[in-house]
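Whatever order the structure lists them in is the order used to number ligands and atoms, beginning at 1.
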Amino acid sequence: MSADIIDGKAISAAKRQELKREVSTFVAETGITPALAVVLVGEDPASEVYVRNKHKGCEEVGMKSVQIMLPATISETELLKIVSDLNKDDEVHGILVQLPLPSHINEKKVLELIEPDKDVDGFHPINVGRLVIGEECHQPCTPTGVMVMLETLGVNVSGKKAVVIGRSNIVGKPISMMLLKESATVTICHSRTVDLAAEVKQADIVVAAVGVPKMVTGDMLKKGAIVIDVGVNRTDEGLVGDVDFESCLPIAGAITPVPGGVGPMTIAMLLKATLKAAGFAVGNRTATIA
Ligand code: GUN
């Protein structure tokens, strides 16, 4: 039997519809329209597409979006001043500084200046810390999207063996914390892992976020494993995930495709985070948890 193919586009569309209703209720109750500010420095074509999609996404669910397009030559001091002004602006609830930034700007300095309650990316060390200790906070959007996907599929994570491949701050580490919070037994694998195949063989849930095309193959999987592919690798073959979809399909119980799997969830989670940020602004720390 072949695996169920997890339709990230459909799950994302349903989540956006749900969010549209939540935004409408929030606006009716508070008189506040949630607003996201996206800061883009320079003219990277891929980043421009992401920023445009974020803007469109906000409008579709009834939120405001402010796009701040800055030249690649902007100084670090000037950018820090812009972020600082956005922190103080009561009409902006969420702030996202699109990465990567030009090399003359210290990314860490910029991200750490963003007010944690407005940090819809969940990259600020305060939010990272809150995630680790299990407190309400903004969380990185891609791993949040993976968790929402699992929940939507009715996967009970509790007690399951989850193997995460990759230890990045954006996906590997936060998804590990999220799975742990839901009581999975989590193993984090990385470039120094001695026998990756043996680790993956144990897994009921595999999350691949390593940036190596087709690294996870069907022979590595336990029969029926749920396989979540976070990889986005641009190759001669086009967009390819970290999972070899063809060989995993007959072995997995369910699997995400690339594209059309995890990708579409990320923006839906960013929009959700903007509503959450607007909730924080009115002192509401629980009503809009993902
Ligand atoms: N560039 C690519 N993905 C992301 C993301 O999720 N957040 C930010 N800030 N920049 C990105």
Under a 3.5 Å threshold, yes or no: a donor from one side chain and an acceptor from the other, between [X] and [Y]?
X: Thr266; Y: Thr142; answer: yes
X: Ser75; Y: Glu78; answer: yes
X: Ser247; Y: Asp244; answer: yes
X: Gln98; Y: Lys54; answer: yes

- Any idea which part of Leu270 is under 4.0 Å from ligand 1, heavy-atom wise: side chain, backbone, both or neither? neither

- Considering only the protein, which heavy-atom contact is closest to atom 2 (C) of ligand 1, and what is its distance? Gln98 NE2, 3.6 Å

- atom 10 (N) of ligand 1: which protein heavy atom is closest, and how many Å away? Leu99 N, 3.0 Å

- Task: May I ask you to check whether Pro100 has an N/O atom sitting below 3.5 Å from an N/O atom of ligand 1?
- Result: no

- Would you mind running through ligand 1 and noting each atom that sits below 4.0 Å from a heavy atom of Val97? 8 (C), 9 (N)

- Can you list the ligand 1 atoms lying under 4.0 Å from a non-hydrogen atom of Leu96? 9 (N)

- Run the salt-bridge test on Asp117 and Arg130 with the 4.0 Å N-O cut-off and return the result as yes or no. yes

- Only one of Val216, Ile5, Val258, Thr256 clears side-chain contact (heavy atoms from CB on, under 4.5 Å) with Phe245; which? Ile5

- Message: Counting only heavy atoms, tell me which of Asp119, Asp121, Val110 gets closest to atom 8 (C) of ligand 1.
- Response: Asp121

